[in-house]
Structures are given as structure tokens and as C-alpha cells.
Amino acid sequence: MEGVSGDRAAETSLPLAKWRSDFSRAFQYYLDRSTPHLVGRWIGTLAVAAVYMLRVYLIQGFYIVSYGLGIYLLNLLIGFLSPRVDPELEVDGASLPTRGSDEFKPFIRRLPEFKFWYAITKAFCVAFVMTFFSVFDVPVFWPILLCYWIVLFVLTMKRQILHMIKYKYVPFNIGKQRYDKRRPGGSNSSLSRD
């Protein structure tokens, strides 16, 4: 008898496993297709964040959830701004170049942009779902949480900026660097053409 009931359980779980596999495959397909659309992805994340903030504002609650979300986003931001190999911990010399004579090594983030975006979007979605469960609506005086988060943000970013200054790295690329060819007279060659 146990074999028969085990076969039935396997038969009923098979369609569920197939559906989960198909959903996972489709989700990954669309996630992969969204990779090159940087601006569109971030606009979508801003829309999700706006919906979450509007919900919290309208129901006047879930400040603990928002505080936890803020701490998590701060943690993600620090990972996004940090190099993969921390120069303070690196002892074999494979860290960021600090002198002009050092070999150029590109800045590689500890948390790449796509994973940063995906984690932020997922965090806002999870926080939004949590606002539908009253168990997460712990009564707190929200201005104290906001002040504490601002102090934490300022101190953490100060430490990160000092780290960037000390090890001379900038975690942002502002497009491709271009070099203009100048004529000996100091005018731009493209401007002197008629």
C-alpha cells in the first residue's frame, strides 16, 4: 500500500515540478533579455519603489519593514561601491594601483551593477508583500528610525569615501574616454573645417 500512495504523490508533484521548471526558465529568459536595457531596468525599479513608498504612506505603517529595507539597500550600495579585492586586506600586491608607475587594473566591483539592480528590485518586492501581513506592522516612532538611518548612512558613506580617497579609486566609469586631436594653433580640427 505504501508504494501505491508514494506513486500517487509522485504523480501529483510531477506537474508542479514541471510548472516550476517552466516558470524558472521563462523568468531567467526575460531576466537575461533585460540585461542590456540599463535605463529601462532602473526606471522599472523606481516605479516599484514608488509603489512601495505610496503604500507605506497611505497605510501609515510598516516603518520597521522600511527601516530594514533601508539597511539592506545601504549594504548593497556599499558592495556596489567597493572593489572586489579590498586593498586593506590584500597582502600579495594584487590590489588597486596607488602610484602612477603601477600597472593599470580596471575597477571590478564586489557587487556588479546587474546583481545590484536585481537585489534592489527583489528587496522592494519582498517589502511590498510584507505590507500585506499585519504581523510586520510593529508600532514604532518612525522619526527616530529615520534619524538613526540617516546617521548610519552618513557614517558609512564617510568611511567608504575615505577608503576611495586612500586607495585612489573611483567606482564609476563616465563613458568611453575620448582624446581630441588639437592643431598646433590650439583650435579643434573639427571646428576649423568649412
Side-chain angles (χ1 to χ4, degrees), residues 16-17 19-89 106-164 167 169-175:
L16 181 64
W19 178 85
R20 198 166 106 201
S21 172
D22 291 345
F23 176 79
S24 176
R25 191 175 302 120
F27 180 76
Q28 189 63 46
Y29 171 77
Y30 287 113
L31 197 62
D32 292 342
R33 296 257 335 237
S34 72
T35 303
H37 305 290
L38 181 93
V39 175
R41 285 189 284 120
W42 283 104
I43 288 173
T45 298
L46 288 176
V48 169
V51 167
Y52 171 75
M53 288 188 272
L54 182 66
R55 173 138 174 93
V56 168
Y57 174 75
L58 290 177
I59 59 178
Q60 297 291 309
F62 296 96
Y63 301 120
I64 289 289
V65 173
S66 298
Y67 177 72
L69 176 65
I71 297 293
Y72 181 68
L73 295 179
L74 181 61
N75 186 20
L76 290 175
L77 180 64
I78 294 302
F80 181 70
L81 296 176
S82 299
R84 181 186 295 168
V85 178
D86 191 355
E88 289 180 346
L89 303 176
F107 181 80
I108 301 173
R109 300 178 190 284
R110 186 180 339 151
L111 181 64
E113 183 273 334
F114 185 79
K115 289 183 180 181
F116 178 60
W117 164 79
Y118 184 63
I120 286 176
T121 306
K122 200 165 44 169
F124 272 109
C125 291
V126 167
F128 181 75
V129 169
M130 289 174 75
T131 62
F132 290 99
F133 299 99
S134 61
V135 71
F136 298 115
D137 192 11
V138 178
V140 293
F141 188 59
W142 67 267
I144 291 176
L145 286 179
L146 180 62
C147 290
Y148 183 66
W149 186 85
I150 290 171
V151 167
L152 190 64
F153 178 80
V154 168
L155 292 175
T156 305
M157 290 312 294
K158 178 184 173 188
R159 193 179 112 246
Q160 185 66 30
I161 290 170
L162 289 174
H163 191 269
M164 287 181 206
Y167 292 102
Y169 66 91
V170 178
F172 301 107
N173 285 341
I174 318 279

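These numbers come from a predicted model, not from an experiment. Just so it is clear, the values below take in all heavy atoms, side chains as well, and ignore hydrogens, waters and symmetry mates.
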Return yes if a side-chain donor-acceptor contact under 3.5 Å exists between Trp142 and Gln60, otherwise no. no

Nearest 0.5 Å please: distance from the CE atom of Met164 over to the OG atom of Ser82. 7.0 Å

Enter the distance from Leu152:CG to Ile71:CD1 here, rounded to the nearest 0.5 Å. 4.5 Å

Scanning both residues in full, the closest heavy-atom pair of Ser34 with Phe114 reads OG-CE1, 4.1 Å

Could you go through the side chain to side chain contact (heavy atoms under 4.5 Å, CB included) check for Leu73 and Trp149 one step at a time? CA-CA 11 Å; Leu73 295 179; Trp149 186 85; over 6 Å; no

All side chain to side chain contact (heavy atoms under 4.5 Å, CB included) counterparts of Met157, not counting sequence neighbours: Leu77, Ile78, Leu81, Phe153

Not counting sequence neighbours, which residues clear side chain to side chain contact (heavy atoms under 4.5 Å, CB included) with Val140? List them please. Tyr63, Ile64, Val138, Leu145

Go through it in stages, so that I can follow the logic: the residues are Phe128 and Arg55, the test is side chain to side chain contact (heavy atoms under 4.5 Å, CB included), and I'd like the CA-CA distance, side-chain angles, deciding distance and then a yes or no. CA-CA 8 Å; Phe128 181 75; Arg55 173 138 174 93; 3.5 Å; yes

Looking at CD1 of Ile43 and CG of Leu38, how far apart are the two atoms once the value is rounded to the nearest 0.5 Å? 9.5 Å

Stepwise, does the side chain to side chain contact (heavy atoms under 4.5 Å, CB included) test hold for Lys158 with Leu162? CA-CA 6 Å; Lys158 178 184 173 188; Leu162 289 174; 4.2 Å; yes

Let's go through Thr131 and Phe136 carefully: what are the C-alpha distance in whole Å and the side-chain angles of both, what is the deciding distance for side chain to side chain contact (heavy atoms under 4.5 Å, CB included) to 0.1 Å, and is it a yes or a no? CA-CA 7 Å; Thr131 62; Phe136 298 115; over 6 Å; no

Test item: side-chain donor near acceptor, Arg25 and Tyr29, under 3.5 Å: no

Considering all heavy atoms of both residues, which atom of Val56 and which atom of Gly61 are nearest to each other, and what is their separation? CG1-O, 3.3 Å

Check: Phe80 main-chain N/O paired with Arg109 side-chain donor or acceptor under 3.5 Å: yes

Out of curiosity, Phe116 CZ to Thr121 OG1, how far, rounded to the nearest 0.5 Å? 10.0 Å

Straight-line distance of Ile59 CD1 to Phe132 CZ, nearest 0.5 Å: 8.0 Å

Keeping the roles fixed (side chain from Arg41, backbone from Trp117), state whether a donor-acceptor pair exists under 3.5 Å. no

Interatomic distance, Lys122 atom NZ to Thr45 atom OG1 [nearest 0.5 angstrom]: 12.5 Å

I'd like to check Val65 versus Tyr52 (side-chain heavy atoms, cut-off strictly below 4.5 Å). Are they in contact? yes

